There are 2 protein chains.
Amino acid sequence: MYKISEFAEITGLSKETLRYYAEVKILEPAYIAPHNNYRYYDDGSYFLAILLGKLRRFGFTIQEMISVMEDESFSHLEDLLLQKKEKIQLQMEDLRQQTEEIDEFLKSGKEDVNDD
Amino acid sequence: MYKISEFAEITGLSKETLRYYAEVKILEPAYIAPHNNYRYYDDGSYFLAILLGKLRRFGFTIQEMISVMEDESFSHLEDLLLQKKEKIQLQMEDLRQQTEEIDEFLKSGKEDVNDD
DNA sequence: TTAAAACGTGGGGTGCACAACATAGTCAAG
DNA sequence: CTTGACTATGTTGTGCACCCCACGTTTTAA
């Protein structure tokens with residue numbers, strides 16, 4: 001049983017994130033001490049936390065995480081991952097365009113005050 | 001003088017964003033009708049709105065937009081733009097890594113339930 | 001005149017981070 | 001064994017940069 005700080009360290013999630021995930025019920029502590037409300041996590045929580053950490057990194061919303069956690073077979077997960085991958089590729093393309101736009105903007109700014 | 005909907009259309013900013021920008025004083029309407037509080041924008045606001053739209057797209061925070069708008073010479077703008085460009089490139093690299101991680105995750109998920 | 005469309009304000013939602021304040025736990029000194 | 005100090009944890013509230021919904025009022029078109 002880990003207290004929140006230790007669990008935060010080993011999972012890479014911040015304490016605030018852990019409290020938040022408990023609040024929204026995607027990762028509830030294995031045990032909560034009644035008299036001081038301390039949250040205790042166990043090895044079962046650990047693997048879920050690692051999974052959630054990855055999903056978070058992949059841009060999953062809380063709602064999507066919920067739908068993943070509710071579906072114990074994780075059958076939905078692969079679809080969502082593929083969706084995220086596509087989304088990420090769109091984002092990359094968008095970022096690429098942004099750098100271009102910044103360059104244009106800088107260039108036009110050097111000559112005069114107009115752009116577009 | 002444009003009312004908010006028309007101004008939103010021609011600038012590409014949403015009505016909510018316009019109201020928000022007015023609230024935080026980075027783009028205040030040229031005129032506000034006293035008896036109904038309707039916001040009216042003019043061509044002067046137009047150019048500022050276009051500028052802000054670009055900055056927004058480039059990931060400027062409101063604070064940064066404020067500092068840009070306060071500095072009428074726009075001398076600070078170029079530095080910030082270059083910073084943003086670097087940041088965007090870091091983001092692109094991060095997204096690229098994310099797609100790799102998703103691929104690994106999918107691959108490991110097909111074989112067994114482990115990962116890492 | 002009347003109903004639809006547009007505008008305003010206010011409040012909730014997002015996914016945490018961060019700070020404030022109150023309790024609790026821990027460890028050493030008295 | 002108690003006291004003090006330091007650390008950890010809890011809860012609550014605020015901030016970010018908007019989006020969205022609800023409700024009330026005003027404007028506009030028919």
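Computed from a prediction, not measured in an experiment: that's the story for all the values here. Sequence lines set the chain letters: A, B, ... in the order given, protein chains first and strands last, and positions in each chain run from 1.
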### Query
Taking only N and O in the side chain of Thr17(A), is any of them less than 4.0 Å away from OP1 or OP2 of dG15(C)?
no
### Query
Can you check whether Arg39(B) has a side-chain N or O nearer than 4.0 Å to OP1 or OP2 of dT9(C)?
yes
Nucleotide nearest [X] (side chain, heavy atoms from C-beta), chosen from [options]:
X        : options                   : answer
Ser14(B) : dG8(C), dC19(D), dT11(D)  : dC19(D)
Ile62(B) : dC19(D), dA17(D), dA17(C) : dA17(D)
Tyr20(B) : dT11(D), dA17(C), dA17(D) : dA17(D)

### Query
Using a cut-off of 4.0 Å on non-hydrogen atoms, how would the nucleic acid contact of Tyr21(A) be classed: base, sugar-phosphate, or nothing?
sugar-phosphate
#### Entry: Sugar-phosphate only, base, or nothing, as touched by Arg19(B) at under 4.0 Å among non-hydrogen atoms
base
Between the side chain of [X] and the main-chain N/O of [Y], is any donor-acceptor distance below 3.5 Å?
X        : Y        : value
Lys84(B) : Gly59(B) : yes
Lys15(A) : Ile4(A)  : no
Asp43(B) : Tyr46(B) : no

Starting at [atom1] of [X] and ending at [atom2] of [N], how long is that distance when rounded to a whole Å?
X        : N       : atom1 : atom2 : result
Met65(A) : dG15(C) : CE    : C1'   : 9 Å
Glu9(B)  : dA6(C)  : CD    : P     : 10 Å
Lys25(B) : dA17(D) : NZ    : C1'   : 17 Å
Leu18(B) : dA6(C)  : CG    : P     : 16 Å
Glu6(B)  : dA5(C)  : CD    : C1'   : 15 Å
Asn37(B) : dG10(C) : CG    : P     : 10 Å
Gln63(A) : dG13(C) : CD    : C1'   : 10 Å
Lys15(B) : dG8(C)  : NZ    : P     : 9 Å

Kindly list each side-chain donor-acceptor pair under 3.5 angstrom involving residues 17-41 of chain B, sequence neighbours excluded, with atom names and distances?
unit_1, atom_1, unit_2, atom_2, d
Thr17(B), OG1, Ser14(B), OG, 2.9
Asn36(B), OD1, Tyr38(B), N, 3.0

### SB check Asp94(A) Lys87(A) (cutoff 4.0 Å)
no
### Query
Charged N to carboxylate O under 4.0 angstrom, Glu93(B) versus Arg96(B)?
yes
### Message
Go through it in stages, so that I can follow the logic: the residues are Asp71(A) and Ser75(A), the test is side chain to side chain donor-acceptor pair (under 3.5 Å), and I'd like the CA-CA distance, side-chain angles, deciding distance and then a yes or no.
### Response
CA-CA 7 Å; Asp71(A) 168 33; Ser75(A) 57; 3.2 Å; yes
### Query
Could you run down nucleotides 20-30 of chain D 5' to 3' and tag each one B, S or - for protein heavy-atom contact under 4.0 Å?
B-----BSS--
